[in-house]
Colleague: 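Supplied in structure tokens, the structure appears directly below.
Along the sequence shown, residues carry numbers from 1. Read the numbers this way: they start at 1 and go in the same order the structure lists the ligands and their atoms.
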Amino acid sequence: MSDILTKKILILGSRWSGKSLLIKRLEEICSSSKTNHDEFLYTTATIGKTLTVIKNKRNQLFELHELGSTLGCLWKTFYMSTHFDKIIYVIDSTQPWSISFTFEQLREICEQIPIKPKNILLVFNKTNEINSLNKATLIELLDLDSIWKGEVEIIETNARTGMNLSSLLDWLTH
Ligand SMILES: Nc1nc2c(ncn2[C@@H]2O[C@H](COP(=O)(O)OP(=O)(O)OP(=O)(O)O)[C@@H](O)[C@H]2O)c(=O)[nH]1
Ligand SMILES: [Mg+2]
């Protein structure tokens with residue numbers, strides 16, 4: 001069966017939030033039938049941008065463009081010069097000190113980027129860690145009800161264990 005479609009996905013988020021590990025886990029899921037992972041995968045800070053191409057079971061191709069946090073301030077320029085079908089924004093649930101940065105960036109995305117809320121996914125990563133903030137607290141701290149009026153989708157993940165990564169893949173597909 002031939003490839004049907006290639007979607008371009010921009011992956012943003014604060015430093016250390018787990019963007020690269022999520023991408024590696026998605027690659028793993030797409031290349032095997034395993035959905036639960038407990039082995040350690042090593043990542044290093046992303047310098048610049050990375051491109052990873054994955055293919056799901058329906059032969060749909062996804063270009064995952066991670067913008068490392070060192071280039072985070074340039075995300076708008078980058079977004080404006082390339083068309084992206086969807087944006088995934090990764091939030092580290094264990095880093096309350098990065099909330100104000102995240103809040104400002106999400107507000108900018110909402111106000112300045114002509115993308116529908118249904119094409120934005122917020123990933124609360126590192127969920128289930130002992131020091132993680134819960135979903136309701138993050139929604140309140142990020143004032144998400146006022147930014148997207150509850151229209152944007154949220155998935156809680158743990159890239160270490162693979163928790164909910166198949167839901168993330170489903171969101172990409174639909
Ligand atoms: N405990 C835990 N650690 C995680 C999880 N996701 C990622 N990490 C760890 O967090 C660290 C940063 O992960 P990366 O994927 O490199 O983070 P990043 O967002 O790509 O970081 P930059 O490229 O610097 O922007 C690594 O040590 C990961 O193993 C998670 O769900 N739980
Ligand atoms: Mg990275």
Colleague: Considering heavy atoms of the protein only, find what lies nearest to atom 8 (N) of ligand 1 and give residue, atom and distance to 0.1 Å.
Modeller: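 Nearest neighbour among protein heavy atoms for atom 8 (N) of ligand 1, to 0.1 Å: Lys126 CE, 3.6 Å.
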Colleague: Are any of the side-chain nitrogens in Arg25 or Glu28 under 4.0 Å away from the carboxylate oxygens of its partner?
Modeller: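 Counted as a salt bridge, because a side-chain N and a carboxylate O are separated by less than 4.0 Å.
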Colleague: Check whether any heavy atom of Glu66 sits under 4.0 Å from an atom of ligand 1.
Modeller: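 Judged by the 4.0 Å heavy-atom criterion, Glu66 does count as contacting ligand 1.
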Colleague: Establish, from distance only, whether the side-chain atoms of Thr52 and Glu66 form a donor-acceptor pair under 3.5 Å.
Modeller: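 There is no such pair (donor and acceptor under 3.5 Å, judged by atom type) between the side chains of Thr52 and Glu66.
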Colleague: Could you verify whether a donor N or O on one side chain and an acceptor N or O on the other, from Asn164 and Glu156, lie under 3.5 Å apart?
Modeller: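 The criterion, which ignores hydrogens and geometry beyond distance, is not satisfied for Glu156 and Asn164.
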Colleague: So does Ser14 get a backbone contact from the side chain of Lys19, meaning a donor-acceptor N/O pair under 3.5 Å?
Modeller: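 Pair found, side chain donor or acceptor close to backbone of Ser14.
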Colleague: Please report, to 0.1 Å, the donor-acceptor pairs under 3.5 Å made by any side chain of residues 117-126, with sequence neighbours excluded.
Modeller:
unit_1	atom_1	unit_2	atom_2	d
Asn125	OD1	Thr157	OG1	2.9
Asn125	OD1	Ala159	N	3.1
Asn125	ND2	Ser17	O	3.0
Lys126	NZ	Trp16	O	2.8
Lys126	NZ	Asp92	OD2	3.1

Colleague: Tell me the protein heavy atom at minimum distance from atom 24 (O) of ligand 1, and give that distance in Å.
Modeller: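 Of the protein heavy atoms, Ser69 OG, 3.5 Å lies nearest.
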Colleague: Out of Thr50, Leu41, Thr46, who is nearest to atom 23 (O) of ligand 1 when you count heavy atoms only?
Modeller: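 Looking at heavy atoms only, the winner is Thr46.
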Colleague: Give the residue, atom name and distance (to 0.1 Å) of the protein heavy atom nearest atom 32 (N) of ligand 1.
Modeller: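 Going by distance alone, atom 32 (N) of ligand 1 is nearest to Glu129 OE2, 2.9 Å.
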Colleague: Hey, is the main chain of Phe78 close enough, under 3.5 Å, to the side chain of Ser81 for a donor-acceptor pair?
Modeller: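 Answer holds: yes.
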Colleague: Does anything in residues 48-77 form a ring pair (Phe, Tyr, Trp, His ring centres under 6.0 Å)? List the pairs, not counting sequence neighbours.
Modeller: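 Ring pair (Phe, Tyr, Trp, His ring centres under 6.0 Å) check on residues 48-77 returns His65-Phe84.
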Colleague: Among the clusters formed by ILVMFWY side chains lying less than 4.5 Å apart, do Leu67 and Met80 turn up in the same one?
Modeller: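 Yes; Met80 is reachable from Leu67 via cluster members.
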Colleague: What are the atoms of ligand 1, with element, lying closer than 4.0 Å to any heavy atom of Ala45?
Modeller: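 Every atom of ligand 1 under 4.0 Å from some heavy atom of Ala45: 23 (O), 24 (O).
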Colleague: Is it the case that ligand 1 has an N or O less than 3.5 angstrom from some N or O of Ser17?
Modeller: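 There is such a contact, yes.
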Colleague: Measuring from atom CD1 of Ile88 to atom CG of Leu64, what distance do you get when rounded to the nearest 0.5 angstrom?
Modeller: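 Output value for this atom pair is 6.5 Å.
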Colleague: Hey, is the main chain of Gln112 close enough, under 3.5 Å, to the side chain of Lys76 for a donor-acceptor pair?
Modeller: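 Here the side-chain-to-backbone pair does not exist.
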Colleague: Any idea which protein heavy atom is nearest atom 11 (C) of ligand 1, and the distance to it?
Modeller: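 Of the protein heavy atoms, Trp16 CE2, 3.6 Å lies nearest.
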Colleague: I need the Leu41 CG to Glu27 CD distance, nearest 0.5 Å.
Modeller: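 If we round to the nearest 0.5 Å, Leu41:CG and Glu27:CD are 9.5 Å apart.
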Colleague: Do me a favour and list the nearest non-hydrogen protein atom to atom 29 (O) of ligand 1 with residue, atom name and distance?
Modeller: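 Of every protein heavy atom, Arg160 NH2, 3.2 Å lies nearest to atom 29 (O) of ligand 1.
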Colleague: What protein heavy atom sits nearest atom 7 (C) of ligand 1, and how far away is it?
Modeller: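 Here the closest protein heavy atom is Leu21 CD2, 3.4 Å.
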Colleague: Quick one: nearest non-hydrogen protein atom to atom 14 (P) of ligand 1, plus distance?
Modeller: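 Ranked first by proximity to atom 14 (P) of ligand 1 is Thr43 OG1, 3.5 Å.
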Colleague: Show all protein N/O/S atoms under 2.8 Å from the Mg ion (ligand 2), or state that there are none.
Modeller: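 Near the Mg ion (ligand 2), below 2.8 Å, one finds Ser20 OG, Thr46 OG1, Glu66 OE2.
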Colleague: Checking side-chain hydrogen bond (donor to acceptor under 3.5 Å, both in side chains) for the pair Glu129/Thr94: CA distance, chi angles, key distance, verdict?
Modeller: CA-CA 7 Å; Glu129 301 299 340; Thr94 65; over 6 Å; no
Colleague: Pair Gln105, Tyr89 - check side-chain hydrogen bond (donor to acceptor under 3.5 Å, both in side chains), show working.
Modeller: CA-CA 10 Å; Gln105 217 172 33; Tyr89 195 100; 2.5 Å; yes
Colleague: Where is the nearest protein heavy atom to atom 6 (N) of ligand 1: which residue, which atom, and how far?
Modeller: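 Among all protein heavy atoms, the one nearest atom 6 (N) of ligand 1 is Asn125 ND2, 3.0 Å.
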Colleague: Evaluating non-hydrogen atoms only, which member of Lys24, Arg25, Lys19, Met163 is closest to atom 19 (O) of ligand 1?
Modeller: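 Among Lys24, Arg25, Lys19, Met163, the closest heavy atom to atom 19 (O) of ligand 1 comes from Lys19.
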Colleague: Within the structure, does Ala159 bring an N/O atom to less than 3.5 angstrom of an N/O atom in ligand 1?
Modeller: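 By distance alone, the answer is yes.
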Colleague: Does an N or O from Gly18, backbone or side chain, lie closer than 3.5 Å to an N or O of ligand 1?
Modeller: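 Among all N and O atoms of Gly18, at least one is under 3.5 Å from an N or O of ligand 1.
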Colleague: Tell me every residue that passes salt bridge (charged side-chain N to carboxylate O under 4.0 Å, His left out) with Glu104, counting only those two or more places apart in sequence or in another chain.
Modeller: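 Salt bridge (charged side-chain N to carboxylate O under 4.0 Å, His left out) check on Glu104 returns Arg107.
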Colleague: May I ask whether Gly13 has any heavy atom positioned less than 4.0 angstrom from an atom of ligand 1?
Modeller: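 Gly13: no contact with ligand 1 (<4.0 Å).
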